[in-house]
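Heads up, the thing below is written out as structure tokens.
Just so you know, ligand 1 is whichever comes first in the structure, and atom 1 is the first atom listed for that ligand. These numbers were taken from a predicted model, which means no experiment stands behind them.
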Amino acid sequence: MSTTQHTPIRRTKIVATLGPASDRPGVLDAMVKAGVDVVRLNFSHGSADDHRNRAEAVRKAAEQQGRTVAILGDLQGPKIRIARFKEGKVVLEEGADFRIDVSLNDDDGDQHQVGCDYKELADDLKAGDVLLLDDGRVVFDVVDVKPPHINCKVKVGGKLSNNKGINKQGGGLSAAALTEKDKQDMKTAISIGVDYLAISFPRSGDDMRYARDLMGEAGKGIGLVAKVERAEAVADNETLDDIIIASDAVMVARGDLGVEIGDAQLIGVQKRMIARARTLDRVVITATQMMESMISSPLPTRAEVFDVANAVLDGTDAVMCSAETAAGDFPVETIQAMDRCCRGAEREREAQESKHRMKDTFHRIDETVALSAMYAANHLEGVAAISCLTESGHTPLIASRIRSALPIIGLSNNPATLRRMALFRGVIPLHFDADNFDNAEVNARTLETLESRKLLQEGDFVILTKGDHSSAQGGTNTLKIVQVGTEIG
Ligand code: G6P
């Protein structure tokens, strides 16, 4: 195979969460310069105006730098939380009795009891269940349930402070995926013009289809992201596949997922989720604590370097920063470190070679052309790029499900499509208007566009895909191999 050892571009995309740290003067510009592809607006924090202002700032920075940066809105979802303590926190001893009382006033928690924002909690629990608070730092055994009381014994003690999250070991808390706040935030996200919208804690494909329905006509062009973070979402292959198919992208949301299923299970789940998403032609983001120590350190730990690298080798489309860029001391350095780790991992043969789909039957012409283009690109010596004319981003999406060391150029005149492609591994979105040119002219101008971006040199081969008609979604039916510097028909 003609894989090169060093890829000139970074294929894996970087998602950065915005927050007070990125609001500091000059930081967002520097983050975009360092290579952020997608920014995340976290609707768990901040006001509608904060998100709107950040989205505007991102658009400005991207435009000034000639970069394509997508915006991902992330809804809070039904994270179940305890209410508050009179003193702000308590310290619980192992073996102590403690009660969650869903009828207790929100600020009245003390050493013996605390309220809860999810009033149906008692209905989902029975004696013998294990509750994990504050991401599992404090653990309760449920002794008995007498609504509105859930009587527990402290199994693992420690500090418990206001509004900490509650998970049930093994999953099974049934709160619906979209709260009233989420529905309101969804409207805000649509009016801001986000490119992707993430739904938190979906239990099934139905939750995603419900979200899609709610988004309505105004949200039609927005990519829907399922944050997989409940044990029941990964309990069996059918449920996971259904969630993936009902979404445009999935996020391995390792925080809550890890609490519910435990560290040991999480490892295989990340690998399976990435593989399934790619097989089902969906995009996948790996998230949570990837560069956690960089919240307060200018350099990552070796363990973090390898966490990012391993996600790249697993085949993730994107790696994500959370608090590192939203609230940390080194947001720009975090992006630079992620960039280095991705490039390092992408040099490995494992990241460049694909055996994917060799035994599959294809069902569509555009799919066949996109996959054939990748097969040709990976095997013909001297190919420098694959260039796909696209209306919706679909052709480059299919091509990018195949591992390769070569850049896939997604050429489109639709700005929303260009931003959508910012999340696809190995795809460089570039503006290109194919209308008004005849066939030969489109080919020549494609090469000009790629050359002007220094993606090609004299003598390189380029693989082009397109359809018979311009602006025809799903119409890709042609694969052409051309050489830079020779006459093109
Ligand atoms: C552009 C080209 C068409 C091609 C289409 C594929 O519009 O001009 O010839 O059919 O892209 O778009 P898709 O969204 O299916 O990737």
Side-chain angles (χ1 to χ4, degrees), residues 11 13 37-38 68 70 195-196 212 217 219-225 245 247-249 277-284 317 356-357 360-377 385-402 404 406-450 452-453 455 462-482 488-489:
R11 305 178 68 76
K13 303 306 179 82
D37 300 287
V38 180
T68 301
D195 303 294
Y196 288 96
R212 176 54 83 196
E217 206 40 46
K220 224 173 125 240
I222 297 174
L224 200 55
V225 183
I245 290 165
S247 314
D248 297 293
R278 291 179 66 87
T279 298
L280 295 167
D281 295 333
R282 300 300 189 273
V283 184
V284 53
D317 284 272
H356 196 39
R357 303 193 188 194
D360 286 6
T361 302
F362 306 149
H363 302 287
R364 288 171 52 145
I365 293 170
D366 58 349
E367 178 194 21
T368 309
V369 172
L371 297 174
S372 305
M374 295 313 291
Y375 187 66
I386 305 99
S387 166
C388 306
L389 280 183
T390 185
E391 197 61 27
S392 66
H394 188 70
T395 310
L397 170 69
I398 301 298
S400 67
R401 300 308 81 191
I402 301 294
S404 173
L406 300 167
I408 299 161
I409 320 297
L411 295 174
S412 181
N413 66 357
N414 180 339
T417 295
L418 292 171
R419 291 194 301 270
R420 275 284 273 275
M421 292 191 290
L423 189 57
F424 304 172
R425 179 162 171 154
V427 176
I428 304 178
L430 281 187
H431 182 264
F432 184 82
D433 203 340
D435 293 343
N436 310 323
F437 300 127
D438 69 23
N439 219 351
E441 227 178 340
V442 167
N443 294 339
R445 279 175 190 264
T446 300
L447 294 198
E448 266 169 44
T449 306
L450 270 57
S452 72
R453 298 281 178 146
L455 292 161
V462 189
I463 299 190
L464 311 176
T465 74
K466 61 180 176 190
D468 287 340
H469 309 286
S470 70
S471 311
Q473 192 175 328
T476 297
N477 62 4
T478 309
L479 183 162
K480 193 176 174 80
I481 305 178
V482 296
I488 307 163

By number and element, which atoms of ligand 1 are closer than 4.0 Å to a non-hydrogen atom of [X]?
| X | answer |
| --- | --- |
| Gly475 | 10 (O) |
| Ser471 | 7 (O), 8 (O) |
| Gly467 | 3 (C), 4 (C), 9 (O), 10 (O) |
| Gly393 | 14 (O) |

Open item on the list: On a heavy-atom basis, I'd like to know which of Leu397, Ile365, Thr390 is closest to atom 1 (C) of ligand 1.
Closed with: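 Closest candidate by heavy-atom distance is Thr390.
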* Partner of Lys466 by side-chain hydrogen bond (donor to acceptor under 3.5 Å, both in side chains), out of Asn477, Asn439, Thr446, Thr395 ->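 When side-chain hydrogen bond (donor to acceptor under 3.5 Å, both in side chains) is applied between Lys466 and each of Asn477, Asn439, Thr446, Thr395, only Asn439 qualifies.
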Self-check item: With Asp317, the side-chain hydrogen bond (donor to acceptor under 3.5 Å, both in side chains) member among Lys13, Arg278, Arg401
Solution: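 Passing option: Arg401.
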Worksheet entry | CZ/Phe437: more than 12 non-hydrogen atoms of other groups inside 6.0 Å |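 Counting neighbours around CZ of Phe437, more than 12 heavy atoms of other residues, nucleotides or ligands fall under 6.0 Å, so yes.
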Just to confirm my output: which protein heavy-atom neighbour is closest to [atom], and how far is it?
| atom | value |
| --- | --- |
| atom 7 (O) of ligand 1 | Glu391 OE1, 2.8 Å |
| atom 3 (C) of ligand 1 | His469 O, 3.1 Å |
| atom 6 (C) of ligand 1 | Thr476 OG1, 3.4 Å |
| atom 5 (C) of ligand 1 | Ala472 O, 3.3 Å |
| atom 15 (O) of ligand 1 | Gly474 N, 2.6 Å |
| atom 2 (C) of ligand 1 | Leu389 CB, 3.8 Å |

Measuring from [X]:[atom1] to [Y]:[atom2], what's the distance to the nearest 0.5 Å?
| X | Y | atom1 | atom2 | result |
| --- | --- | --- | --- | --- |
| Leu389 | Asp433 | CG | CG | 10.5 Å |
| Lys480 | Asn443 | NZ | CG | 5.5 Å |
| Asp438 | Ser470 | CG | OG | 11.5 Å |

Kindly confirm or rule out an N or O of [X] lying under 3.5 angstrom from an N or O of ligand 1.
| X | result |
| --- | --- |
| Ser470 | no |
| Asp366 | no |
| Gln473 | no |

For residues Ile365 and Thr476, report the shortest heavy-atom separation together with the two atoms involved.
->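 So the minimum-distance heavy-atom pair works out to CG2-O, 3.6 Å.
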Verdict with reasoning, Ser404 to Arg11, per side chain to side chain contact (heavy atoms under 4.5 Å, CB included):
CA-CA 9 Å; Ser404 173; Arg11 305 178 68 76; 4.0 Å; yes
So, applying side-chain contact (heavy atoms from CB on, under 4.5 Å) with Leu423, which one of Asp37, Asp248, Val38 is it?
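Running side-chain contact (heavy atoms from CB on, under 4.5 Å) over Asp37, Asp248, Val38 with Leu423 returns exactly one hit, Val38.
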